[in-house]
K.L.:
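First the structure, which I've put down as structure tokens, then a few questions once you've had a look.
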Amino acid sequence: MNGQGWEGLTNDNKYNSQFYHDKLDIDEQFFFKRQNGTWKISWYLLILPPPGTWVTNEFQLLGDHDKDGFLTRNEEDVLNELCRDFLKGPHPVRNSIDTFFDRDGDESVSEHEVKLAVRALFFDGMKQFQNIRIGWIPKILDHDRSDKVDPSEYEAVYRFMLLNNESYQVNNNFDRILDSDKNGIISFKEIEHGRDELVGLTVVMSFSDTVFFSESRTVSNLLDEYGDSNFDGRISPDENDEIVASFKTDRTAVTAMDHIIDKNGNGTIDAHEIMMILQESAPPYLVSTFIDRLIDRNKDGLIDTLEINTIANLYAGDPKAVASISSELIREIDRNGNRVISASEIENSKNRLIFPHPASSLNTLDSKLDSNGDGMVNFMELGVGGGFTDKGEIPTLERRISLIRRRGNIPNQTGELVIKEALGRQNLAVLGVKAENKVIGEEDITGIIMFLENAFVNSNKVNVIDRKNTSLILDEMNFQLSGLVIEESIVEVGNLTGADILAVSEIIRSILSQAAGSQDFLDMCESAVQDLF
């Protein structure tokens with residue numbers, strides 16, 4: 001197996017190594033840490049090849065027919081063909097590429113619009129990569145084989161794309177590359193071949209959307225997420241300039257974005273790291289782990305940028321973020337159920353939800369997280385929080401939190417976050433069941449209470465107090481649900497349990513018999529609960 005690797009110490013107690021397998025296009029990275037005099041693997045990454053070119057702008061999105069975030073070879077070929085047809089000259093709007101470049105919206109592509117598209121694709125676009133020294137720059141751009149494309153080389157490509165389809169004499173290094181038969185004349189066939197290569201190169205280049213449009217644009221990829229310094233979900237021209245500036249290689253990491261790109265932590269930005277950051281795919285991600293389900297606030301089975309940033313902001317110290325996280329996550333953080341999130345509870349939950357850790361047999365959360373049962377909650381089992389998604393590796397929540405704090409938008413917070421005020425929702429306790437038919441057993445009653453609690457939780461309208469926090473109080477008070485209860489007793493139970501609402505259900509035996517199974521009965525409970533709001 002062919003491959004190449006590097007290794008080196010980052011300090012006396014940390015050691016990194018990486019190996020790239022050429023034939024398989026697989027990148028392995030090991031991160032070692034010295035503990036008690038012994039070197040141990042603290043982190044291992046296996047980076048697999050993507051199914052195609054990452055979609056990083058609106059232009060590439062036109063070719064992503066299955067909307068999976070990648071351009072497969074077939075999708076690239078289709079996009080190439082559409083671009084070639086577009087560049088042949090003025091014509092009526094016939095497809096998505098024509099519509100994209102039809103600036104005046106007159107359903108027709110003019111000669112001026114063709115020239116504007118050529119400038120965007122082959123001049124303004126490629127100039128963004130002027131300061132990158134990378135081995136994959138094709139010879140058709142790098143005429144002097146310097147592994148760098150200078151302004152004169154971009155100019156030569158641009159003028160070639162604006163030429164009429166007529167043969168001409170070789171007069172520069174770019175022409176000499178195109179002149180495949182070396183007869184000193186660029187034929188019509190050689191012009192077509194050169195343009196095919198350039199169009200294909202354009203499709204796979206990761207241009208920003210401002211190459212095509214000058215106004216601000218929507219955050220559409222991972223690099224945009226890093227560049228969105230004000231977290232408004234848009235990339236302004238100034239923010240775009242910062243993103244483009246981050247493409248320069250062989251330089252010292254200085255800014256917050258630089259430190260994110262510097263994956264191996266050696267303080268220098270290299271071409272490999274630039275390519276990796278471009279290739280990391282964008283949200284949304286499929287929910288695949290228990291932590292993912294906690295992050296997925298709207299329960300649509302997908303984790304979007306807003307949901308990720310909300311969690312990162314919360315752990316960076318933003319108290320307003322509490323109002324935008326799921327009730328399930330709140331319960332995981334607020335372990336004592338007192339409706340107040342303390343700084344220590346936030347820190348403790350980070351250890352459970354963000355960082356890999358040994359799985360405790362006494363912790364029910366760990367048993368849910370440790371899916372492979374090896375006694376360790378690893379990065380992959382953490383899912384989005386640990387930097388692993390259905391689309392591949394992404395930055396961990398820890399790195400996102402670090403980025404937010406470096407920008408200084410949110411100070412490190414201490415103290416307490418009051419859930420009730422932040423959420424504006426009331427707390428509810430399901431006390432019990434009044435059974436009209438006395439043959440319902442205690443086990444059935446317990447199950448019914450559990451289903452009711454689940455139904456209220458799924459409604460996402462109230463905070464449901466854990467049954468364990470109410471049962472002891474009810475036992476001690478000898479609270480009789482089947483008999484008459486005076487108003488003072490109800491108020492006292494509410495105060496003791498911390499509940500704003502007390503729920504008691506009337507159940508008739510015949511209702512239970514109508515349910516075909518557990519899910520059917522839960523659906524019945526949820527339907528009844530929804531009617532209350």
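The shown structure was predicted, so the numbers you read here are calculated from the model rather than taken from an experiment.
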K.L.:
Between Glu307 and Thr310, is any pair of side-chain heavy atoms under 4.5 Å apart?
P.N.:
no
K.L.:
Is it the case that the side chain of Ser326 and the backbone of Leu294 share a donor-acceptor pair, with hydrogens and angles ignored and the cut-off at 3.5 Å?
P.N.:
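Between the backbone of Leu294 and the side chain of Ser326 there is a qualifying donor-acceptor contact (under 3.5 Å).
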K.L.:
Is His112 atom NE2 crowded by more than 12 heavy atoms from other residues, nucleotides or ligands, each under 6.0 Å away?
P.N.:
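Counting other residues, nucleotides and ligands, NE2 of His112 stays at 12 neighbours or fewer.
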K.L.:
Run the side-chain contact (heavy atoms from CB on, under 4.5 Å) check on Leu302 and Val287 step by step: do they pass?
P.N.:
CA-CA 6 Å; Leu302 298 170; Val287 169; 5.9 Å; no
K.L.:
Apply side-chain contact (heavy atoms from CB on, under 4.5 Å) to residues Asn372 and Asp370 and explain how you reach the verdict.
P.N.:
CA-CA 6 Å; Asn372 62 7; Asp370 184 20; 2.8 Å; yes
K.L.:
What closest approach, in Å, do Lys299 and Arg293 show between heavy atoms, and which atom pair accounts for it?
P.N.:
NZ-O, 2.9 Å
K.L.:
Search all heavy atoms of Val157 against all heavy atoms of Ile140 and return the closest pair with its distance.
P.N.:
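Closest heavy-atom pair between Val157 and Ile140: CG2-O, 4.3 Å.
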K.L.:
Atom CG of Leu121 and atom CZ of Phe123: how far apart are they, to the nearest 0.5 Å?
P.N.:
13.5 Å
K.L.:
Any chance the side chains of Arg159 and Asn172 put a donor and an acceptor closer than 3.5 Å?
P.N.:
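Note: Arg159 and Asn172 side chains miss the donor-acceptor criterion.
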K.L.:
Contact between Asp296 and Asn298 at the side-chain level, heavy atoms closer than 4.5 Å - yes or no?
P.N.:
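Yes, close enough: below the 4.5 Å cut-off.
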K.L.:
Hey, is the main chain of Ile354 close enough, under 3.5 Å, to the side chain of Glu398 for a donor-acceptor pair?
P.N.:
no
K.L.:
If you define the side chain from C-beta out and look only at heavy atoms, does anything of Gln169 sit under 4.5 Å from Ile185?
P.N.:
yes
K.L.:
Is there a side-chain contact (heavy atoms from CB on, under 4.5 Å) between Leu397 and Ile308 once you walk through the steps?
P.N.:
CA-CA 8 Å; Leu397 273 177; Ile308 295 173; 4.2 Å; yes
K.L.:
Any side-chain heavy atom of Asp144 within less than 4.5 Å of one from Asp150?
P.N.:
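Yes, close enough: below the 4.5 Å cut-off.
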K.L.:
Do Tyr285 and Asp292 get their side chains close enough for a donor-acceptor pair, meaning under 3.5 Å?
P.N.:
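Per modelled atom types, Tyr285 and Asp292 side chains form no pair under 3.5 Å.
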K.L.:
Is a side-chain donor-acceptor pair under 3.5 Å present for Asp238 with Ser236?
P.N.:
no
K.L.:
Minimum heavy-atom separation for Ile269 to Ala253, with atom names?
P.N.:
CD1-CB, 4.2 Å
K.L.:
Taking only residues two or more places apart in sequence, or in another chain, which ones meet Lys88 in a salt bridge (charged side-chain N to carboxylate O under 4.0 Å, His left out)?
P.N.:
Asp85
K.L.:
Quick one: are Glu153 and Phe174 in side-chain contact, heavy atoms under 4.5 Å?
P.N.:
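No, their side chains stay 4.5 Å or more apart.
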K.L.:
Let me see the working for Val149 and Tyr154 under side-chain contact (heavy atoms from CB on, under 4.5 Å), right down to the final yes or no.
P.N.:
CA-CA 7 Å; Val149 181; Tyr154 285 116; 3.4 Å; yes
K.L.:
Output yes when a side-chain donor or acceptor of Arg195 lies under 3.5 Å from a complementary backbone atom of His193, and no otherwise.
P.N.:
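Side chain of Arg195 to backbone of His193, a donor-acceptor pair under 3.5 Å: no, none is there.
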K.L.:
Quick one: pull up CG in Asp262 and OG1 in Thr268 and give me the separation to the nearest 0.5 Å.
P.N.:
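Answer for the CG-OG1 pair, Asp262 versus Thr268, is 7.0 Å.
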K.L.:
For residues Phe122 and Leu198, report the shortest heavy-atom separation together with the two atoms involved.
P.N.:
CE2-O, 3.4 Å
K.L.:
I'd like to know if the side chain of Glu381 and the backbone of Asn378 have a donor-acceptor N/O pair within less than 3.5 Å.
P.N.:
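Yes; at least one donor-acceptor contact below 3.5 Å.
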K.L.:
Which pairs with one or both residues in residues 101-114 pass salt bridge (charged side-chain N to carboxylate O under 4.0 Å, His left out), sequence neighbours excluded?
P.N.:
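Non-adjacent pairs meeting salt bridge (charged side-chain N to carboxylate O under 4.0 Å, His left out): Glu111-Lys115.
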K.L.:
Could you measure the distance from the CD atom of Glu197 to the CG atom of Leu178? Nearest 0.5 Å is fine.
P.N.:
8.0 Å
K.L.:
For Thr289, is there any backbone N or O sitting under 3.5 Å from a side-chain donor or acceptor partner on Lys368?
P.N.:
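No; judged by distance alone, with no hydrogens or angles, the pair does not exist.
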K.L.:
Check whether any side-chain heavy atom of Tyr315 sits under 4.5 Å from a side-chain heavy atom of Ser349, and report yes or no.
P.N.:
yes
K.L.:
Looking at CG of Asn95 and CG of Leu62, how far apart are the two atoms once the value is rounded to the nearest 0.5 Å?
P.N.:
9.0 Å
K.L.:
Check the pair Asn74 / Thr72 against side chain to side chain donor-acceptor pair (under 3.5 Å), numbers first and verdict last.
P.N.:
CA-CA 5 Å; Asn74 182 61; Thr72 63; 5.2 Å; no
K.L.:
Provide the closest heavy-atom pair for Leu141 versus Met126 in the form atom of the first, atom of the second, distance.
P.N.:
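So the two residues come closest at CD2-SD, 3.7 Å.
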K.L.:
Nearest 0.5 Å, what's the CG-CG distance between Leu369 and Leu382?
P.N.:
6.5 Å
K.L.:
Can Arg94 be said to sit on top of Phe86's aromatic six-ring, NZ or CZ under 6.0 Å from centre and within 45° of the ring axis?
P.N.:
no
K.L.:
Rounded to the nearest 0.5 Å, what separation is found between the CG atom of Asn183 and the CD atom of Glu190?
P.N.:
6.0 Å
K.L.:
Which residues pass the salt bridge (charged side-chain N to carboxylate O under 4.0 Å, His left out) test with Arg73, sequence neighbours left out?
P.N.:
Glu76
K.L.:
Between Glu81 and Arg84, is there a salt bridge with N-O shorter than 4.0 Å?
P.N.:
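Yes, charged N to carboxylate O under 4.0 Å.
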K.L.:
Using every non-hydrogen atom in the two residues, find where Ser96 and Leu82 come nearest and quote the distance to one decimal.
P.N.:
OG-CD1, 4.4 Å
K.L.:
So Ile191 and Ile186, do their side chains get closer than 4.5 Å, heavy atoms only?
P.N.:
yes
K.L.:
In the structure I gave you, are the side-chain heavy atoms of Phe59 and Cys83 within less than 4.5 Å of one another anywhere?
P.N.:
yes
